[in-house]
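In what follows, a structure is listed as C-alpha cells, so that the remarks can point back to it.
Here the structure is a predicted model, which means the values were calculated and not measured.
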Amino acid sequence: MQHVQLEEQTDTVILRSLVELYALEVTAIGSKGRGYMVFGQDGVFWLQPEEDKAEVVAMLQRWDHLYAIGFKGLTPLQATIDGDLGFYLDDHIAYLRGFSPGRVGELTLREDVMRTAKLLAQLHVCSRELPRALWPEPVEIEDIGNLHVSRQADMSLFKKMATHRLYPTAFDGLFLEAYDVIAHNAAESLEVLASLNRGNIPLARAIPVGLLKQSCRGADLWVADDGNVCLRHLKGAAWGPFALDVVTFLDNVGYYSEWSQATGQRALACYEKVRPLERGEFQLIYGIGVFPKGTWDVAYEYYKGNRRQDELQFILELRLGLDRDIAAGDFWRWLAGVELGL
C-alpha cells in the first residue's frame, strides 16, 4: 500500500493523493465527521480513515470478496491504480467507497427493521463462501453458555449479599423482590443453553456458522435516497453461529418497539424468507434472549461496579431493568419459545 504523509493543508494533500492513487478527477473534498466527502467527475465518494490497521485490512478483504460473490449490501470499494483496497494516511489506513445521499437507518421505523432483517440474512448466506483465510476470530457456543452460567452465579452472589448485609439498603430489598420475579427466566436460559450440548450428537454441532456482523443496529444501515440499502461497514465482525446476530438484532428491535411481539415476528419472518432457522438456532436464540440481562446489568454495577450513581438512581434503573426483563421474557417466548414448545 502507498503511504501519504499529512501536512498542514490536509484537504490539499488528500486531494492530490486521490488523483495520484486512484486516477480520479476530483473537483472538491470536504471533511465530515471522521471522514471526507470526495466529489469527482465520476461521482461522489466517501474516504474513511481508520486506526486499527490489521483489523481494517482484514475487513476490506472480506468486504471486497463478499461484494465480488454477489452480496450487494455493501457499496463497492474503489481500488487504487495498483490494485490496493486502501492506502496509509499518516498513521491510519484509509479506504475509498461509493457514496449515495441518504440517511442512517433507524430501527424505530418498520421499513428499516425489515430492510435490516433481509440484509442480515443475505450477509449470512453469502458469508458461507468466504475462504477460511478471511474468517475473523471465532465465537464458540460453549463460551456463550459459560458466560450465562457466570452471570447466574453473579445473581446468586448478589442475592446472598442483599440477604445477609448487616444494614440492608433499599436497593437490596428491591433486588430480592426482582430476583424472585426473574429467577425462573435465568434458570430456563441456562437449561436451554445447556441442552444444546447434550446427547450423542449435540445440536450445537449442527448450528450453521459464518460471518457475524455482531452490531445489528439501525446506525449500521445506510438508506440511500434512491431506495438502495447497504451496511455502512463490517467492523467488529466475528465467525460463529448466525443465531447470535439474529438474537442481537431482534433484541434491538424489541427494545425500540417496546417489546412489540408483532414487530418482532415480522422481523423474524423477513429474515427467515431468506434463510430459515433450524431448531438448534431457536434454542440458542431463546436461551440468550430470555436471560434477565436488564436486572443483571444494574445489579452488577451496584454490587461489583464503581457505584458512580446514588442509591435512588440505582433503584430507578433496577425498576426499569426489571420491567425490561419481564417484557423481554414474553417477547422471546412468542418469538422462539413457541417454536420449541416452551
Side-chain angles (χ1 to χ4, degrees), residues 139-199 202-204 207 214 240-241 243-244 246-248 250-252 254-255 259 280-337 340-342:
V139 176
E140 304 292 346
I141 292 179
E142 183 179 357
D143 295 335
I144 301 298
N146 291 339
L147 172 65
H148 286 77
V149 168
S150 175
R151 288 181 172 178
Q152 175 58 17
D154 285 336
M155 296 280 274
S156 298
L157 174 62
F158 302 155
K159 181 183 179 183
K160 289 181 181 179
M161 294 171 69
T163 302
H164 300 293
R165 193 192 297 271
L166 185 59
Y167 299 104
T169 65
F171 184 92
D172 290 333
L174 182 60
F175 174 74
L176 291 175
E177 293 178 15
Y179 187 91
D180 289 340
V181 174
I182 49 83
H184 172 74
N185 285 13
E188 191 173 33
S189 168
L190 296 190
E191 172 58 27
V192 170
L193 291 175
S195 68
L196 286 169
N197 288 301
R198 293 187 187 135
L203 277 174
I207 290 179
Q214 295 214 90
L244 297 183
V246 178
V247 71
T248 299
L250 291 176
D251 193 69
N252 288 330
Y255 176 80
W259 304 103
E281 293 182 283
F282 275 108
Q283 283 191 232
L284 183 56
I285 289 168
Y286 185 72
I288 295 173
V290 79
F291 189 87
K293 185 176 181 294
T295 301
W296 178 85
D297 279 340
V298 180
Y300 186 92
E301 182 64 23
Y302 184 83
Y303 291 110
K304 282 190 171 183
N306 296 321
R307 295 274 191 105
R308 296 175 181 174
Q309 303 171 115
D310 60 29
E311 186 84 4
L312 289 177
Q313 186 63 35
F314 270 115
I315 289 173
L316 174 60
E317 291 198 2
L318 182 58
R319 290 188 187 279
L320 293 174
L322 177 59
D323 289 344
R324 177 260 180 215
D325 291 338
I326 293 172
D330 293 336
F331 178 84
W332 291 112
R333 286 186 181 89
W334 276 103
L335 258 65
L340 302 172
L342 299 174

Between Asp325 and Lys293 (salt bridge meaning N to carboxylate O under 4.0 Å), is one present in this structure? no
Over all atoms of both residues, closest heavy-atom pair of Tyr286 and Glu188: OH-OE1, 2.9 Å
Taking only residues two or more places apart in sequence or in another chain, which ones pass salt bridge (charged side-chain N to carboxylate O under 4.0 Å, His left out) with Arg324? Asp251
Answer yes or no: is there a side-chain heavy-atom contact under 4.5 Å between Val246 and Glu281? no
Compare all side-chain heavy atoms of Glu301 with those of Glu317 and state whether any distance is below 4.5 angstrom. no
For Leu322 and Ile326: C-alpha separation, side-chain torsions, deciding distance, then whether side-chain contact (heavy atoms from CB on, under 4.5 Å) applies. CA-CA 6 Å; Leu322 177 59; Ile326 293 172; 4.0 Å; yes
Asp172: which of Lys160, Arg165, Lys159 passes salt bridge (charged side-chain N to carboxylate O under 4.0 Å, His left out): Arg165
Carefully, step by step, assess Thr248 and Gln214 under the rule side-chain hydrogen bond (donor to acceptor under 3.5 Å, both in side chains). CA-CA 7 Å; Thr248 299; Gln214 295 214 90; over 6 Å; no
When rounded to the nearest 0.5 angstrom, what is the spacing between CZ in Arg151 and CG in Leu190? 11.5 Å
Within the 4.5 Å heavy-atom criterion, are Ile207 and Leu196 side-chain neighbours or not? yes
Backbone of Val290 reached by a side-chain donor or acceptor of Trp332 within 3.5 Å: no
Nearest-0.5 Å distance that lies between atom CD in Glu191 and atom CD in Gln283: 9.5 Å
Please identify each residue that fulfils ring pair (Phe, Tyr, Trp, His ring centres under 6.0 Å) with Phe158, with sequence neighbours left out. Tyr303
Going by heavy atoms in the side chains, are Asp180 and Leu176 under 4.5 Å from each other? no
Could you grab the distance from atom OH of Tyr179 to atom OG1 of Thr295, nearest 0.5 Å is fine? 11.5 Å
If we only count heavy atoms from C-beta on, is the Phe171 to Val298 side-chain gap below 4.5 Å? yes
Verify, without hydrogens or angle tests, whether Ser189 (side chain) and Gly287 (backbone) share a donor-acceptor contact under 3.5 angstrom. yes
From Arg319 atom CZ to Glu177 atom CD, the distance as rounded to the nearest 0.5 Å: 7.5 Å
The reported gap from CD in Glu140 to CG in Asn146 (rounded to nearest 0.5 angstrom) is 11.0 Å
Pair Tyr302-Thr169, side-chain donor/acceptor within less than 3.5 Å: yes
Classify the side-chain pair Arg333/Asn185 by whether it contains a donor and acceptor separated by less than 3.5 Å. yes
Within a reach of under 6.0 Å around CD of Glu142, are more than 12 heavy atoms found that belong to other residues, nucleotides or ligands? no
In Å and rounded to the nearest 0.5 Å, what is the CD1 to CD1 distance from Ile141 to Ile288? 8.5 Å
Are Gln152 and Leu147 close enough that some pair of their side-chain heavy atoms sits under 4.5 Å apart? no
Which residues share a ring pair (Phe, Tyr, Trp, His ring centres under 6.0 Å) with Tyr300, sequence neighbours left out: Trp296
